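Small disclaimer: the values here were computed from a predicted structure and weren't measured. Below, read A as the first sequence line, B as the second, and so on, with proteins coming before strands; counting in each chain starts at 1.
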2 protein chains.
Amino acid sequence: MRLNELDERIVRALAEDARRSYADIGAEVGLSAPAVKRRVDRLREQGAITGFTVRVDPAVLGWETEGFVEMYCRHKTSPEDIRRGLARYPEVASASTVTGDADAIVQVFASDMRHFERVLERIAGEPFVERTRSVLVLSPLLRRYGSGTPA
Amino acid sequence: MRLNELDERIVRALAEDARRSYADIGAEVGLSAPAVKRRVDRLREQGAITGFTVRVDPAVLGWETEGFVEMYCRHKTSPEDIRRGLARYPEVASASTVTGDADAIVQVFASDMRHFERVLERIAGEPFVERTRSVLVLSPLLRRYGSGTPA
DNA sequence: CGTGAAAAACTAGAGTG
DNA sequence: CACTCTAGTTTTTCACG
């Protein structure tokens with residue numbers, strides 16, 4: 001599915017500021033407020049827009065420690081198994097299956113090193129996990145588009 | 001800076017749905033709508049909340065190909081050099097310096113494989129880059145908290 | 001899609017503990 | 001100082017053309 005130009009401009013406006021009024025966005029793209037709302041509603045129904053969220057400074061919420069965990073899984077582990085297993089961790093901000101040696105890359109936020117270690121141990125103990133390899137984030141350089149901050 | 005419990009619950013509510021009304025959030029945390037608004041305003045002033053954004057299915061916006069690029073940099077490359085160098089790429093959603101062999105991990109979104117390859121070549125050609133190693137995302141399993149989608 | 005009216009939400013100000 | 005209450009304003013929402 002692709003969006004037409006109008007939908008894309010609306011999404012772009014919302015990405016910059018999701019609390020702008022429909023009338024305001026409409027003035028920018030050349031539509032009335034109800035027309036903008038109708039399109040946003042439709043985009044939500046179609047799953048193009050999956051929600052609205054807030055961009056937060058991670059440190060302020062106490063998520064001081066961030067890392068990436070490469071997961072090596074047992075044979076015959078399905079992506080859905082991994083997803084279900086990881087969904088239970090609030091510390092997991094994102095996870096994807098990937099090409100290369102590892103099966104998945106998991107982005108983890110923790111309050112401190114001890115917390116990170118504890119999460120890592122629990123993940124490594126999941127039945128579908130063979131082993132893990134992780135790197136810690138030293139400093140986040142760039143974090144655009146509201147990228148991954150736990151709540 | 002740390003937040004008190006009330007602020008944290010408000011932020012958590014907004015992270016789930018940034019368009020919930022103040023009154024609605026207030027009912028959950030035990031405050032009136034104006035009280036919630038005042039706290040949100042203050043959090044924005046303090047920089048704890050940096051904005052509101054929309055969660056979008058990347059594929060719908062034409063970002064079909066995602067990958068992680070490990071960067072190995074020349075000696076004496078500062079984090080700030082890396083940041084400045086990568087900030088010019090709209091395809092770069094996030095970048096962090098990390099522990100381990102590589103110096104930085106960069107998350108890249110591209111429209112397709114050819115586009116991804118082109119971006120990778122340009123990044124590898126940056127003067128501060130020695131070599132890169134990249135993995136492609138096969139399927140995104142989990143993407144919470146508005147995690148990294150280009151606009 | 002736009003218009004216009006009703007309902008809801010926002011927000012500034014005043015008053016209270 | 002932070003809250004609630006109140007009231008005016010703006011925004012959202014929906015029916016209709």
| remark: Contacts of A:Glu45 meeting side chain to side chain contact (heavy atoms under 4.5 Å, CB included) (sequence neighbours excluded), chain-then-number -> none
| message | Is it the case that atom CZ in B:Arg42 sees more than 12 heavy atoms from other parts of the structure closer than 6.0 Å? | response | yes
Return all side-chain donor-acceptor pairs below 3.5 angstrom for residues 134-141 of chain B, not counting sequence neighbours, or 'none' if the list is empty.
| from | atom 1 | to | atom 2 | distance (Å) |
| --- | --- | --- | --- | --- |
| B:Ser139 | OG | A:Thr97 | OG1 | 2.9 |

| said: Checking B:Glu130 now: which residues fulfil salt bridge (charged side-chain N to carboxylate O under 4.0 Å, His left out) with it, not counting sequence neighbours? | reply: B:Arg74
| field | Salt-bridge criterion met for B:Arg143 and B:Glu66 (N-O under 4.0 Å) | value | yes
| request: With axes from five pairs an end, tell me the bend angle of the helix from C:dC1-D:dG17 to C:dG17-D:dC1, nearest 10°. | output: 30°
| note | Closest to the 5' end of DNA chain D, once B:Arg38 and A:Tyr22 are matched to their nearest nucleotides, is B:Arg38
| request: With heavy atoms under 4.0 Å as the rule, sort B:Arg42 into base, sugar-phosphate or nothing. | output: nothing
| Between C1' of C:dC1 and CD1 of A:Ile10, the distance in whole Å | 12 Å
| Ion pair B:Arg9/B:Glu5, N-O distance below 4.0 Å | yes
| query | In residues 27-37 of chain B, what residues come within less than 4.0 Å of DNA chain C, judged by heavy atoms? | reply | B:Pro34, B:Lys37
| said: Between B:Asp17 (side chain only) and B:Leu14 (backbone N and O only), is there a donor and an acceptor less than 3.5 Å apart? | reply: no
| Cluster check A:Phe52, A:Val11: I/L/V/M/F/W/Y, side chain < 4.5 angstrom | yes
| message | With a 4.0 Å cut-off on N to O distance, would you call A:Glu126 and A:Arg122 a salt bridge? | response | no
| said: Does this structure show an ion pair linking A:Arg84 with A:Glu80, if we count only N-O contacts that are shorter than 4.0 Å? | reply: yes
| field | Protein-nucleotide distance (B:Asp41, atom CG; C:dA9, atom C1'), rounded to Å | value | 14 Å
| Bounds of contact between DNA chain D and chain A, in 5' to 3' order, using a heavy-atom cut-off under 4.0 Å | D:dT11 to D:dC14
